[in-house]
Amino acid sequence: IVLNPFKLDWQQQASLSLTVVAFAYFVGHTVYKLNNPPKPITTSQLLYQTPPAAPKSTPSTSELPAKEDARGKRAPEGPKKTMEDKIHIEQHNDAPGSKSYAVGKGNLTVNEVPPSRELSGEQEAKGRDALSATKGIVRIILLGSNNGEAQRLTQQIYRMFDEAHWEIHPLTIHTAPVPSGVHLVGDPENQFVAAAKKAFDSIHLDCIAGPGYAGPLGLGVPPALTITVGPRPD
């Protein structure tokens, strides 16, 4: 390379020199590794290695010493907080008949199931007596036959009108075409609709009176009062 018998320029001479140096280092390092193999780790070294030091934890407020004033006297400690002070519960009425509670500062919400609409025997008797003052024709429609709670309420409404000697046209529709809840379909000023609304209000049965779905058109003209009972509102 020094004598340059091949008449190489300086770039070729520099790259050839680097190649020779790199190859010499490769050969030398390989020979060194073959002559000095790494020592194997014994079982005792694996079993008795020093464990890493645990991180230091910051002491909580309850573990810190009491503060001292300028004269070296301990300042009086305030009253200790109880569990009731640490947990704050707020009540929210997010939906009719339901309650939700916000616990502490988190987002935990506990919802209570709305109460059942089923009537007691006393409520049925009171509703029957209120309906007995006015006798008419009523179509009672159960919307959706797979809801047990709505079925039982429909049976109780049917029994009230039957014992009050109304003429009843019962009907069950499997696909509910109207919103859930109890609806008194008809003119609110009509005496039969008004009588049913008054009876339901007296036993605290939520209902809505006004125009609405009164059954399939194939049944002909509906009576002045149609009652639809759907699933319980959420």
Side-chain angles (χ1 to χ4, degrees), residues 90-103 107-132 134 136-234:
E90 298 177 356
Q91 178 177 340
H92 304 275
N93 291 325
D94 297 329
S98 66
K99 296 178 181 178
S100 62
Y101 299 92
V103 182
N107 296 324
L108 177 62
T109 302
V110 180
N111 292 319
E112 292 183 357
V113 178
S116 174
R117 299 176 297 174
E118 294 182 35
L119 306 175
S120 64
E122 182 180 354
Q123 287 176 302
E124 281 193 52
K126 188 175 181 179
R128 176 201 61 208
D129 294 341
L131 291 170
S132 298
T134 304
I137 302 174
V138 58
R139 176 184 291 173
I140 300 178
I141 303 177
L142 170 63
L143 300 174
S145 60
N146 58 346
N147 188 300
E149 192 266 351
Q151 285 182 348
R152 290 186 291 271
L153 178 60
T154 304
Q155 292 171 356
Q156 291 177 319
I157 293 175
Y158 181 96
R159 190 159 49 239
M160 282 194 306
F161 280 90
D162 183 55
E163 294 178 357
H165 304 292
W166 283 57
E167 182 180 339
I168 306 173
H169 300 167
L171 181 65
T172 299
I173 298 179
H174 297 279
T175 303
V178 296
S180 58
V182 179
H183 294 258
L184 308 181
V185 182
D187 183 2
E189 302 296 329
N190 181 273
Q191 60 173 337
F192 303 117
V193 179
K197 184 69 167 65
K198 182 178 179 180
F200 285 8
D201 289 344
S202 68
I203 58 177
H204 307 290
L205 178 59
D206 293 335
C207 62
I208 300 175
Y213 176 76
L217 297 177
L219 296 179
V221 179
L225 172 62
T226 297
I227 300 176
T228 61
V229 182
R232 178 178 53 195
D234 295 332

Under the side chain to side chain donor-acceptor pair (under 3.5 Å) test, which residues partner E118, sequence neighbours left out? R152
Under the salt bridge (Lys or Arg N to Asp or Glu O under 4.0 Å) test, which residues partner R139, sequence neighbours left out? none
Residue set satisfying side chain to side chain contact (heavy atoms under 4.5 Å, CB included) with P170, at least two apart, ordered chain then number -> Y158, I168
With sequence neighbours excluded, residues passing side chain to side chain contact (heavy atoms under 4.5 Å, CB included) with A195: T134
Rounded to the nearest 0.5 Å, the CE atom of M160 sits from the CZ atom of R128 at a distance of 10.5 Å
Sequence-distant partners of Q123, side chain to side chain contact (heavy atoms under 4.5 Å, CB included), two or more places apart: L119, S120, I203
Hits for ring pair (Phe, Tyr, Trp, His ring centres under 6.0 Å) against F192, two or more places apart or cross-chain, chain-then-number order -> W166
Identify the heavy atoms of L171 and P216 that sit nearest to each other, and give their distance. CD2-CD, 3.8 Å
Counterpart residues, side chain to side chain contact (heavy atoms under 4.5 Å, CB included), relative to I208 (two or more places apart): H183
So, for R117 and P233, which heavy atoms are closest and what is the spacing to 0.1 Å? NH1-CD, 4.3 Å
Between A150 and G230, the two heavy atoms sitting closest are CB-O, 3.8 Å
For Q155, side chain to side chain donor-acceptor pair (under 3.5 Å) partners two or more places apart: none
Identify, with sequence neighbours excluded, every residue that meets side chain to side chain donor-acceptor pair (under 3.5 Å) alongside H165. none
Quick note, side-chain hydrogen bond (donor to acceptor under 3.5 Å, both in side chains) partners involving residues 187-199, not counting sequence neighbours, are K197-D201
Are side-chain heavy atoms of L205 and I157 found at a separation under 4.5 Å? yes
Taking all atoms of both residues into account, what is the closest heavy-atom pair of V138 and P223, and its distance? C-CG, 4.4 Å
Separation between CD1 (I227) and CZ (F200), nearest 0.5 Å, reads 4.0 Å
Reported CD1-to-CD1 distance for the pair I173 and I141, which is rounded to 0.5 angstrom: 4.5 Å
Pairing residues for E167 by the salt bridge (Lys or Arg N to Asp or Glu O under 4.0 Å) criterion, not counting sequence neighbours: none
How long is the gap from OG1 on T154 to CD on E149, to the nearest 0.5 Å? 9.0 Å
Looking only at non-hydrogen atoms, find the nearest pair between V185 and V193 and report the distance. O-CG2, 4.5 Å
Taking all atoms of both residues into account, what is the closest heavy-atom pair of A196 and L184, and its distance? C-CD1, 4.0 Å
